[in-house]
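For reference, the structure discussed in these notes is given below.
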There are 2 protein chains.
Amino acid sequence: MSTETTTLTVELGERSYPIVIGGGLLDSAAEHLRAVGVPDKSPLMIVTDDNVAPLYLEKLESELTNGGYRVVSAVVPAGEATKSLTVYNDLITQAIEAGLDRSSAILALGGGVVGDLAGYVAGTYMRGIRFIQVPTTILAHDSSVGGKVAVNHPLAKNMIGVFHQPELVLYDVDTLSTLPPREVRAGLSEMVKHGLIWDRAFAGWCWDNAPRLLALDPEALIYGLEKGCAIKAQIVSRDERENDLRAILNLGHTLGHAIEAVAGYGRFLHGEAIAVGMAAAALLGEERGGETGLYGETMLMLRALELPVTLPEDMDTEALMSAMQRDKKFREGKMVYIVPTEIGRVEIANDVEADAIRDIIERLKEKEESS
Amino acid sequence: MSTETTTLTVELGERSYPIVIGGGLLDSAAEHLRAVGVPDKSPLMIVTDDNVAPLYLEKLESELTNGGYRVVSAVVPAGEATKSLTVYNDLITQAIEAGLDRSSAILALGGGVVGDLAGYVAGTYMRGIRFIQVPTTILAHDSSVGGKVAVNHPLAKNMIGVFHQPELVLYDVDTLSTLPPREVRAGLSEMVKHGLIWDRAFAGWCWDNAPRLLALDPEALIYGLEKGCAIKAQIVSRDERENDLRAILNLGHTLGHAIEAVAGYGRFLHGEAIAVGMAAAALLGEERGGETGLYGETMLMLRALELPVTLPEDMDTEALMSAMQRDKKFREGKMVYIVPTEIGRVEIANDVEADAIRDIIERLKEKEESS
């Protein structure tokens with residue numbers, strides 16, 4: 001793939017950090033760590049999963065060791081179920097046993113699950129140590145920006161977490177070449193989301209370039225990832241702790257999280273669940289007086305990226321409703337829902353009735369028959 | 001007791017918060033919550049332990065309910081062993097089931113253990129919600145200022161935590177009247193510590209007023225708590241995240257935590273363990289060229305407050321050394337130790353040899369025979 005490298009900065013005052021995107025970056029990881037001030041006297045811990053470990057762990061370990069760092073690695077089972085307090089506790093134990101101290105860094109080598117989990121370890125070990133994201137999926141372009149880290153509770157996703165910004169995101173696009181096609185599609189779901197909430201032209205670009213993105217064309221990937229990260233970085237810079245604006249990043253997530261929880265973590269990939277959630281939000285937006293064609297265009301875009309836009313008929317509507325009521329988007333008893341008004345623009349609605357959501361869910365099920 | 005009320009502010013920019021100290025404050029809790037902007041539309045959760053619950057829980061619950069708040073309560077077993085990930089997880093489950101949302105507050109009614117545990121729940125539930133400290137011990141005057149919250153890992157104390165500032169500390173000194181004498185003494189240990197690290201006159205005042213403090217004289221208590229909180233607030237304001245200065249608050253804690261861990265959490269009260277740690281630090285300080293009489297005076301002060309200053313003979317020196325090596329005071333492989341240079345002044349030493357510590361530990365054991 002390409003060896004072109006681009007760097008953008010997430011502006012967060014003293015917590016600002018660079019996102020480096022390009023090919024071959026795993027081969028220069030030590031240099032990038034030094035550039036952001038990670039000392040070599042304290043051990044580092046790489047957290048990765050058993051899918052990624054056979055592909056890239058040894059490479060990253062040797063690069064860092066050759067660069068003068070002491071490295072220990074922890075391999076966790078792949079999949080959302082690994083974002084649990086149990087696995088978290090195992091990692092804390094390993095970090096203590098390996099002698100990680102306040103100057104140590106934890107590196108997340110993998111996708112969103114590994115990033116959330118390792119980031120939560122870094123955010124809470126000794127009340128917070130350095131954290132480096134080394135994403136190996138497209139989806140992680142989203143989770144690696146913004147400092148939201150968490151594990152799941154059996155009753156609700158991402159319920160246990162903190163804000164903990166990384167010191168560096170090192171995005172080696174060469175690692176994307178080994179992604180299963182289903183993971184590629186699910187990752188593009190968050191990419192197009194950034195267009196749908198903020199930038200009509202970028203949403204259009206994703207649609208036009210869907211075939212190149214699905215084929216992992218390096219030039220298209222680097223552009224799409226950079227643009228997606230840049231949009232998210234802009235939003236996060238203005239509202240780091242989600243007091244208001246940042247909530248728009250949750251487009252599709254209220255229903256999406258409920259789908260994941262009701263189906264059982266892992267059955268729907270996160271990106272697939274939020275694609276359905278974005279379809280639902282577009283339908284709701286059109287009904288609430290949004291731009292004509294909002295739903296239709298959103299569906300076409302998502303379908304161009306080969307993403308699901310309907311619900312399985314057997315999915316229990318009331319179970320989805322209950323799961324949404326436990327989600328973090330409820331505040332002072334009211335439901336907060338991100339609703340598109342046109343492609344590239346959304347509103348934060350806090351007046352959505354439960355029955356309107358029920359109705360949308362039922363209609364997304366009907367749609368399946370005709371699709 | 002007295003109904004005099006005094007308020008001081010911990011200055012932390014947008015995270016500043018008031019500490020209200022006085023008698024009868026549980027009876028006006030709702031008013032104080034409103035004053036700091038806690039909304040009544042979202043449920044509150046009171047976390048307390050089974051020692052404190054029979055004494056003050058009903059009182060606080062009715063006061064808040066009468067004041068228009070919806071309240072759920074969680075009672076945990078008293079004692080350091082309750083600061084575990086297991087109890088933490090139970091509290092998160094209860095918070096979800098009670099419908100706590102992002103606008104909810106968690107109140108810690110109790111001592112340092114309840115404060116640390118409830119604060120860690122508040123700091124990580126939905127990535128952080130409001131937190132209110134309602135201390136019922138003298139020791140908690142220390143832990144309620146500064147935002148350090150944590151649970152223990154079986155291998156090391158306070159290993160899992162975050163910085164999460166409360167919105168309010170409501171310190172009703174009437175609740176101190178039911179403290180067992182041993183808890184009173186242990187609490188005064190952190191109070192005199194604030195004198196020993198920062199304010200010679202206050203250290204002298206604690207010594208002179210030891211009998212009044214041990215007898216829970218309200219006027220002496222309010223002055224001592226206010227002064228202790230104010231010293232800690234000054235230090236925390238200058239260095240919220242313990243990059244440098246804040247470390248001086250750890251006087252006596254490196255050895256103290258090791259004593260607690262080796263003896264088994266709960267055998268030594270925290271204040272007792274750090275009293276021994278402060279005696280050790282004074283001995284080390286005098287040997288390193290500190291003021292003449294430093295060790296002798298420190299011992300007399302601690303003894304005036306009826307605190308232990310020696311180690312049980314059967315305590316394993318190497319076990320203490322290992323526990324210290326796992327403690328968070330290690331950084332880049334070097335031991336960081338807070339060492340007094342005179343009464344009211346300490347240095348942050350990073351050149352203390354392990355053998356010097358071993359020697360001090362052995363001598364503190366010998367002392368016991370002659371005490």
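Please read all numbers here as calculations on a predicted model, not as lab measurements. A note on names: the letters A, B, ... follow the listed sequences, proteins ahead of strands, and every chain is numbered from 1.
The contact between A:V149 and chain B is made entirely by backbone atoms, counting heavy-atom distances below 4.5 Å. Residue A:T93 touches chain B through both its backbone and its side chain, counting heavy-atom pairs closer than 4.5 Å. With a 4.5 angstrom heavy-atom cutoff, B:I96 touches chain A only via side-chain atoms.
Looking at residues two or more places apart in sequence or on another chain, you find a salt bridge (Lys or Arg N to Asp or Glu O under 4.0 Å) between B:R34 and B:D40.
Ion pairing between a basic and an acidic side chain is recognised when a charged N comes within 4.0 Å of a carboxylate O; B:E240 and B:R246 show no such pairing.
Looking only at distances, no side-chain donor or acceptor of B:T124 sits under 3.5 Å from a matching main-chain atom of B:R127.
If you check the side chains of B:K148 and B:N158, you find no donor sitting under 3.5 Å from an acceptor.
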